[in-house]
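One structure below.
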Amino acid sequence: MTLRLQMLGTGGAFAKKYYNNNGLLYTDDFTLLIDCGITAPTSLHQLGVSLTEIDAILITHIHADHVGGLEEFAFRMKYEFGRKPVLYISEKLIAPLWENTLKGGMSQETITSLEDVFEVRALKEGMLNQISPSLQIEMIQTSHIPGKPSYSLYLNNEIFYSADMTFQPDLLKELVYERHCRKIFHEVQLVGPGEVHTTLDELLSLPVDIRSMIWLMHYNDNMEDFIKKAGEMKFLRQHEMYTL
Ligand SMILES: Nc1ccn([C@@H]2O[C@@H]3COP(=O)(O)O[C@H]3[C@H]2O)c(=O)n1
Ligand SMILES: [Zn+2]
Ligand SMILES: [Zn+2]
C-alpha cells in the first residue's frame with residue numbers, strides 16, 4: 001500500500017509566502033487532513049479539493065495555524081453537505097479545542113459541544129490507532145509550549161511527521177535506530193533561537209543517516225536563502241505530491 005503526502009502549506013505560523021503547515025495524507029482508500037489552519041480552506045480551494053473528499057481531519061495541537069480553519073470546515077460541512085467531519089484528536093485536546101478555540105464562533109442554540117459539529121474520535125497517546133485499513137497512527141507527545149500539549153505522528157511504524165516541536169534528538173534517534181523509521185517530516189525554524197521550535201542548526205547536528213531522511217516543513221518565508229545550507233535535508237514544497 002502506498003502513502004502520499006500533499007502539503008496544503010509548508011509555512012510557519014506567520015509566513016506570508018506559504019500557507020499554514022497542514023497536509024493531505026493519501027492512502028489507497030482514505031484521505032486524512034493533518035491540521036486545518038487559517039489558510040487550509042483557501043489552499044484546498046486552490047487545489048480543487050472538495051471538503052467532501054477528505055475522510056477525516058487530525059489535529060496535532062491547538063494553534064491557529066493548525067486549527068484556525070476548523071470553524072469554516074465544520075460549518076460548510078454542516079450547512080452545505082449536512083454532514084459532520086470526522087475529527088481525530090488527542091483526548092487531552094478535546095475540551096480545550098472547544099472551550100478555548102471553537103466555542104466562541106460556533107456555539108448557538110443547536111450547537112453546544114464539539115460533538116455537535118464533529119464526529120470526534122479520541123486518540124490515546126502511545127497507542128496504535130487504525131485510522132483506515134492501510135493507515136496506522138501513533139500519537140507521540142512532543143515538546144512545544146509548556147502546558148500546551150502537542151502531538152507528533154508516527155505513521156505505519158515507519159514515517160515520523162512532526163507537530164510543532166522543540167529539538168528532541170533522542171526521540172529521532174530512537175525512531176530511526178530502534179523503530180525502523182525511514183522518513184522524517186520535521187518542522188524547522190530558520191531564523192532565531194529554538195524556544196518553541198527546532199532550528200536548522202539543531203537538525204544539522206543529527207547523524208548524517210538521519211539528516212538524509214529529513215524533509216523540512218513549517219518554515220520561514222526566506223526558505224530559499226537556506227536551500228544550500230540544509231545539507232542532506234530537503235525542503236517540502238506546498239501543493240507538490242510526494243510518494244512516501
Ligand atoms: N511561547 C511562544 C508561543 C508562541 N510563539 C509564536 O507564536 C506561534 C504560534 O504558532 P506556532 O507555529 O507554534 O509558532 C509560534 C511562535 O512563532 C512563540 O514564539 N513563543
Ligand atoms: Zn505552527
Ligand atoms: Zn504551534
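Each ligand, and each atom within it, is numbered from 1 in the order the structure gives.
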Task: N/O donor-acceptor pair under 3.5 Å between Gln168 side chain and Leu172 backbone - done: no

Task: Closest His144 atom to the Zn ion (ligand 3) [N, O or S only] - done: NE2

TODO: If you have a sec, work out which protein heavy atom is nearest atom 11 (P) of ligand 1 and how many Å separate them, to one decimal?
DONE: Asp164 OD2, 3.3 Å

- [ ] Calculate, to the nearest 0.5 Å, the distance between atoms CZ and CE belonging to Phe226 and Met233 respectively.
- [x] 11.5 Å

Task: Enumerated ligand 1 atoms positioned under 4.0 Å from heavy atoms of His144 - done: 13 (O)

Task: No-hydrogen, no-angle side-chain donor-acceptor test under 3.5 Å, Ser43 and Tyr19 - done: no

Open item on the list: One residue to check: Ile145. Relative to ligand 1, which of side chain, backbone, both or neither has a non-hydrogen atom less than 4.0 Å away?
Closed with: side chain

Task: Charged tip of Lys173 within 45° of Tyr177 ring normal and under 6.0 Å - done: no

- [ ] Give yes if a backbone or side-chain nitrogen or oxygen of His63 is under 3.5 Å from a nitrogen or oxygen of ligand 1, and no if not.
- [x] yes

Open item on the list: Under a 3.5 Å cutoff, is there a donor and acceptor pairing between the side chains of Glu53 and Ser50?
Closed with: no

Task: ligand 1 contact on Glu195 by region, counting heavy-atom pairs under 4.0 Å - done: neither

Task: His144 and His61 aromatic ring geometry - parallel, tilted or perpendicular at 30°/60° bounds - done: perpendicular

Task: Closer than 2.8 Å to the Zn ion (ligand 2) - protein N, O or S atoms, ordered by chain and residue number - done: Asp65 OD2, His66 NE2, Asp164 OD2, His218 NE2

- [ ] Any chance you could measure Leu175, atom CG, to Asp170, atom CG, to the nearest 0.5 Å?
- [x] 11.0 Å

Open item on the list: Quick check for you: to the nearest 0.5 Å, what is the distance between Ile111 atom CD1 and Lys103 atom NZ?
Closed with: 13.0 Å

Open item on the list: Looking only at protein heavy atoms, which one is nearest to atom 7 (O) of ligand 1, and what is the separation?
Closed with: Phe14 CZ, 3.5 Å

Open item on the list: Check Glu119 with Lys84, please: is the shortest side-chain N to carboxylate O separation under 4.0 Å?
Closed with: no

Open item on the list: Can you confirm whether the side chains of Thr60 and Asp35 place a donor and an acceptor under 3.5 Å from each other?
Closed with: yes

Open item on the list: Below 4.0 Å from ligand 1: does a non-hydrogen atom of Gln189 turn up there or not?
Closed with: no

Open item on the list: Counting non-hydrogen protein atoms only, what is the nearest one to atom 20 (N) of ligand 1? Give residue, atom name and distance.
Closed with: Val196 CG1, 3.7 Å

Task: For His218, atoms of ligand 1 separated by under 4.0 Å from a heavy atom - done: 12 (O)

Open item on the list: For ligand 1 and His66, I'd like to know whether there is a polar contact (N/O to N/O, distance under 3.5 Å).
Closed with: no

TODO: For the pair His197 and His218, name the ring-plane relationship: parallel under 30°, tilted 30 to 60°, perpendicular over 60°.
DONE: tilted

Task: Side chain proximity check, Leu206 to Ile214, heavy atoms < 4.5 angstrom - done: yes

Open item on the list: What protein heavy atom lies closest to atom 15 (C) of ligand 1? Include the residue and the distance to one decimal.
Closed with: His197 NE2, 3.7 Å

Open item on the list: At less than 4.0 angstrom from any non-hydrogen atom of Asp65, what atoms of ligand 1 do you find?
Closed with: 10 (O), 12 (O)

